[in-house]
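Read the numbers this way: they start at 1 and go in the same order the structure lists the ligands and their atoms. Note: hydrogens, waters and symmetry copies are ignored here, and every other heavy atom, side chains too, is used.
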Amino acid sequence: MFSARFSEKIRARQDGPLTASGIDMLQVNVGYRCNLACKHCHVQGGADRQEAMSRETVDAVLAVLHDGRIKTVDITGGAPELNPHFRYLIEETESAGCHVVVRTNLSIFYEKGMEDLFDFYDGKHIELVASLPSCNGEHVDRVRGKGVFDKSIAALRKLNNLGYGSDRGRTLNLVYNPAGAFLPPVQSSLEATYKEELGSAFGITFNRLYTFANMPVGRFRQFLLRSGNFETYMEKLMQAFNPETLCGLMCRRLVNVAWDGRLYDCDFNQMTGLGIAEGYPAMIRDFDHDRLASRKIIVDDHCFGCTAGQGST
Ligand code: SF4
């Protein structure tokens with residue numbers, strides 16, 4: 001897939017390559033297993049995926065956090081809750097004094113073995129980032145599977161009852177991404193629509209809505225290729241390139257670690273197999289904060305998904 005169109009854009013804007021400007025966050029992908037198999041999933045998560053972070057690798061992550069220089073940990077998957085060491089990772093991350101963010105698909109709360117997940121979160125002050133691609137039930141079920149919308153609404157209500165999504169220090173943010181090969185609408189106006197619709201129909205409150213463009217990787221890339229829309233979508237992303245987004249790209253302030261301990265610049269690079277630049281530590285066990293904090297970032301054309309319009313990171 002590698003082509004130099006994004007690198008050329010960067011070269012036209014600045015002298016050197018894109019580089020990191022610190023590390024505020026460690027993004028931990030604990031595995032690709034998921035109870036859903038959404039059409040736009042960049043991870044291609046699903047029930048058949050076996051990749052899962054081991055206890056040994058979780059401990060290597062925690063060793064990095066105990067150094068005290070990274071303040072936020074973003075836990076993702078798959079459905080991260082399905083990793084057997086998920087709760088241990090959260091407990092220990094909190095004891096290391098880090099703010100914990102967990103990406104959730106919401107329907108996971110109603111899977112077998114997850115009956116006490118609400119109780120687990122009740123004792124925490126973590127930040128939940130929950131995907132909800134629409135306020136329309138049919139639309140959500142089309143993208144994510146039958147019955148997912150109803151479970152998502154039930155989970156959001158329950159989380160509201162626990163104080164998530166209110167001003168009581170428990171944050172609940174939602175994520176929207178388009179159902180097809182088009183760019184997301186302006187974040188602030190869609191957030192107002194979500195607040196109105198979820199509030200009036202279900203009494204649900206939340207803190208922020210993030211709108212992300214679908215990245216042309218993983219299952220969404222396959223869909224684009226199958227439907228003959230790949231080049232048109234890439235063209236759309238490239239046309240919408242906004243140089244103002246470059247300074248806020250998440251890869252400039254985080255390091256991503258995969259289930260097997262390999263390091264990447266972000267989850268999208270992880271899915272395309274583009275590891276950290278040569279000459280820098282490649283595994284979590286070799287983590288070196290000072291060197292990674294100013295590393296060169298590996299880019300490819302999927303990066304146009306992060307710089308289109310208002311930006312997606
Ligand atoms: S996909 Fe986005 S976050 Fe990842 S390296 Fe490219 S610009 Fe950075």
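The I298 neighbourhood of ligand 1 comprises atoms 5 (S), with distances under 4.0 Å to a heavy atom of that residue. Ligand 1 places these atoms under 4.0 Å from at least one heavy atom of H302: 1 (S). The C266 neighbourhood of ligand 1 comprises atoms 1 (S), 3 (S), 4 (Fe), 5 (S), with distances under 4.0 Å to a heavy atom of that residue.
F118 carries K158 over the face of its six-membered ring, with the cationic atom under 6.0 Å from the centre and within 45° of the normal.
Defined by atom type and a distance below 3.5 Å, a donor-acceptor pair is present between the side-chain atoms of E81 and T104. N83 and Y88 share no donor-acceptor pair across their side chains, judged by distance under 3.5 Å alone.
A salt bridge links D290 to R69: at least one charged side-chain nitrogen sits closer than 4.0 Å to a carboxylate oxygen. Between R5 and E231, at least one side-chain N (NZ, or NE/NH1/NH2) sits under 4.0 Å from a carboxylate O, which counts as a salt bridge. Taking a cutoff of 4.0 Å between a charged side-chain nitrogen and a carboxylate oxygen, D267 and R103 do not qualify as a salt bridge.
Under 4.0 Å from ligand 1, not a single heavy atom of V299 appears. At a 4.0 Å heavy-atom cut-off, ligand 1 touches C303 through backbone and side chain alike. Neither the backbone nor the side chain of R252 has a heavy atom within less than 4.0 Å of ligand 1.
In summary, no N, O or S atom of C306 is located under 2.8 Å from atom 8 (Fe) of ligand 1.
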